[in-house]
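Chain A is the first sequence line, chain B the second, and so forth, proteins listed ahead of strands; every chain is numbered from 1. The shown structure was predicted, so the numbers you read here are calculated from the model rather than taken from an experiment.
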Amino acid sequence: MTTCVRFAPSPTGYLHVGGARTALFNWLFARSTGGRFLLRVEDTDTERNRDELTDVILDLLGWLGIEADGEPVFQSDNRSRHREVVEQLLRDGKAYLCDNENNEVVGAELVEGLAVRFRVASYEQETLNICDVVRGEVSFAAAEMEDFVLWRSNATPTFLLANAVDDIDMGITHAIRGEDLLPSTPKAMLVMDAMGAVAPTYAHLPLLVNEQRKKLSKRKDDVSLEIWRGRGYLPEAMANYLATLGWGPPDDIEIRPMAEILELFRLEDVLKSPAFFDPKKLEHFNATHIRRLSSEEFLARLEPWFEEAAWPAQRYRTEVMDALGPMVQEKIRTLAEAERFVDWLMLDDPPVDVASWEKAIAGNAVARDILSEALVVYADTPWQADNLYEATKTLGEQHGLKLGKAQAPIRVAITGRSVGPPLFESLVLLSREEAMRRLQMAINKLD
RNA sequence: GCCCCGUUCGUCUAGAGGCCUAGGACGCCAGAUUCUCAAUCUGGUAACACGGGUUCAAAUCCCGUACGGGGUGCCA
């Protein structure tokens with residue numbers, strides 16, 4: 001049997017990291033079983049702009065490397081089919097008309113202004129058993145279920161109806177979704193059974209939770225995938241991290257290419273308990289993925305970031321990144337951090353980090369002497385990294401300081417920060433005149 | 001309330017009765033190293049929720065308790 005799964009986002013306007021994880025697991029399952037991965041936009045709420053919504057979702061899924069098979073299906077396009085199923089259920093007595101107070105209204109045809117509820121009593125078995133790949137067999141007693149609305153009085157299908165009908169019509173073999181949908185699964189199965197259809201196999205994924213162990217909330221948590229992309233996270237790092245939430249590779253190697261995860265992933269290995277979305281660990285994954293990029297690829301990924309950087313576009317100096325790229329690559333954790341490693345080479349007056357200034361210069365008794373002497377020494381040191389290194393080292397030794405200490409005030413005076421790329425290589429790129437101008441400015445500021 | 005699900009280091013996980021005095025990763029702590037460190041390396045810290053069974057043997061199987069979560073809409 002060829003497997004067929006779907007990711008069915010609801011129209012909230014953006015992609016949630018939990019939704020992205022669900023999409024990823026569906027995609028992994030489809031690709032690893034040679035099946036199909038479809039996209040269905042559950043836009044039964046017709047007020048949204050669906051083109052725009054779909055663009056956001058497709059864009060983000062594409063960013064993550066999750067490609068759907070075929071064009072996305074809009075649930076709202078299946079309205080007539082949904083209506084047809086409701087009408088049939090009504091005729092079969094498996095559903096009934098009801099008014100706003102949920103009182104049954106006699107009739108076997110749809111009536112404008114009246115809703116339709118499913119009649120659970122029409123189901124003849126005592127229990128509904130869900131065959132769940134993750135949770136095993138889960139059963140619900142039919143006697144404890146209440147009738148539920150299939151068709152609203154405003155003539156639109158509810159999630160329960162549309163979701164069930166579309167899964168059947170699309171030939172979905174495995175419904176892989178969040179655990180929050182587990183309690184509604186027996187209702188979907190009731191509808192499918194009444195349609196004379198066979199329900200798909202289910203797999204309810206453990207929820208992603210926040211530090212309070214609650215389902216990720218749009219209000220309190222950073223759940224939008226766009227936010228993470230905007231913070232400089234690599235799609236491969238995000239997808240890789242998401243794959244380790246609720247699932248773990250058997251060989252304990254967590255950070256790896258998606259192609260390898262595809263080979264190792266098995267739906268039945270997915271865990272049952274909720275997982276905390278840990279930004280710190282995500283950051284570590286990201287830093288590692290950044291370092292694994294080739295130098296060329298790293299620079300290419302940085303391009304969109306530098307286009308929005310604080311320096312004027314015409315001030316960008318290609319030679320700076322050609323020389324410092326690899327050194328920046330091994331230090332940053334997110335792409336967003338790259339800018340402050342090199343901005344002082346593109347700006348006339350780079351910002352000065354207050355804490356760095358206090359520690360290395362204002363609060364450092366020898367800082368003034370070091371800066372003044374550096375001004376003198378740099379005036380006639382050959383402007384090359386090796387020579388600057390030696391000159392600065394000697395300067396420090398005259399104060400009984402190791403190079404590490406001696407370079408601190410110089411670094412802050414010139415770059416504005418205590419952290420950055422290797423100083424002497426960078427000074428060469430800055431030019432002697434500019435370096436000396438900044439040293440003088442720092443001394444003036446101190447006076 | 002009722003229904004359903006879950007419970008291994010702070011966190012993500014490995015573990016399918018003996019390989020477990022429980023492994024890896026993040027974090028944290030310490031040390032090393034580099035011209036800076038937010039990089040790198042090394043080491044350390046820390047868990048089978050509890051109580052009963054079953055068994056020669058249980059983190060692994062069964063039952064119960066506790067705790068946590070999800071659901072209980074003419075939301076999805």
Inset, instruction - Check whether the ring centres of A:Phe277 and A:Tyr241 lie less than 6.0 Å apart, and answer yes or no. - result: yes

Legend entry - Nearest-angstrom distance from the residue atom NE2 of A:His284 to P of B:U13: 17 Å

Inset, instruction - Tell me which nucleotide among B:A76, B:C4, B:C12 gets nearest to the side chain of A:Thr244. - result: B:C12

Inset, instruction - Look at the side chain of A:Lys331 and the base of B:U36, then say whether one donor and one acceptor between them are separated by less than 3.5 Å. - result: yes

Inset, instruction - Hunt down the Watson-Crick or G-U wobble partner of B:U54, both distances under 3.5 Å, from any strand shown, or write none. - result: none

Legend entry - A:Tyr202/A:His204 aromatic ring centres below 6.0 Å: yes

Inset, instruction - Check every strand shown and say whether A:Lys405 touches a base, only sugar-phosphate, or nothing at a heavy-atom separation below 4.0 Å. - result: nothing

Legend entry - Among B:U13, B:G6, B:U11, the one nearest A:Leu271 by side-chain distance: B:U13

Legend entry - Per A:Leu182 side chain, nearest of listed nucleotides B:A76, B:C4, B:G70: B:C4

Legend entry - A:Glu425 side chain, from C-beta outward: closest of B:C35, B:C3, B:A38: B:C35

Legend entry - Distance below 4.0 Å between A:Lys280 side-chain N/O and B:U11 OP1 or OP2: no

Legend entry - base_contact_polar (B:C37 base, A:Glu330 side chain, donor-acceptor, <3.5 Å): no

Inset, instruction - Provide, to the nearest angstrom, the distance between the CG atom belonging to A:Leu335 and the P atom belonging to B:A38. - result: 20 Å

Legend entry - A:Ser273 side-chain proximity, nearest of B:A38, B:U8, B:G24: B:U8

Legend entry - Rounded distance in Å between the P positions of B:G27 and B:A38: 12 Å

Legend entry - Donor/acceptor link under 3.5 angstrom from A:Arg340 side chain onto base of B:A38: yes

Inset, instruction - Look through every strand shown and name the nucleotide pairing with B:U11 as Watson-Crick or G-U wobble, where both distances are under 3.5 Å. - result: B:A25

Legend entry - Watson-Crick or G-U wobble partner of B:C20, both distances under 3.5 Å: none

Inset, instruction - Using the ring-ring contact (aromatic ring centres under 6.0 Å, His included) rule, collect all pairs that involve residues 115-156 of chain A, keeping only residues at least two apart or in two chains. - result: A:Phe118-A:Phe148

Legend entry - Contact nearer the 5' end of RNA chain B, comparing A:Gln75 with A:Glu254: A:Glu254

Inset, instruction - Could you measure between the two P atoms, the one in B:U60 and the one in B:G6, and give it in whole Å? - result: 15 Å

Inset, instruction - Determine the interatomic distance between P on B:C5 and the same-named atom on B:C61; round to the nearest Å. - result: 16 Å

Inset, instruction - Find the partner of B:U72: check Watson-Crick (N1-N3 plus N6-O4 or O6-N4) and G-U wobble (N1-O2, O6-N3) distances, both under 3.5 Å, and reply none if neither fits. - result: B:G1

Legend entry - Donor-acceptor pair under 3.5 Å, A:Asn102 side chain vs B:C74 base: no

Legend entry - Which nucleotide in B:C12, B:A39, B:G70 has an atom nearest any side-chain atom of A:Phe276: B:C12

Inset, instruction - Sticking with atom C1', work out how far B:U72 lies from B:U13, rounded to a whole angstrom. - result: 32 Å

Inset, instruction - Rounded off to whole Å, could you give me the CH2-to-P distance for the A:Trp247 and B:G24 pair? - result: 19 Å

Legend entry - Pairing partner (Watson-Crick or G-U wobble, both distances under 3.5 angstrom) of B:U65: B:A49

Legend entry - RNA chain B: 5'-proximal contact among A:Lys272 and A:Pro250 (nearest heavy atom): A:Lys272

Legend entry - OP1 or OP2 of B:U36 under 4.0 Å from side-chain N/O of A:Arg417: no

Legend entry - Rounded distance [0.5 Å steps], CD in A:Gln407 versus CG in A:Leu427: 10.0 Å

Inset, instruction - Consider only side-chain N and O atoms of A:Ser76 and A:Asp43, and report whether a donor and an acceptor are under 3.5 Å apart. - result: yes

Inset, instruction - Examine the base of B:G23 for any acceptor or donor lying under 3.5 Å from a partner atom in the side chain of A:Asp252, and report the outcome as yes or no. - result: yes

Inset, instruction - Classify the side-chain pair A:Glu373/A:His399 by whether it contains a donor and acceptor separated by less than 3.5 Å. - result: yes

Legend entry - P gap between B:G52 and B:G68, integer Å: 23 Å

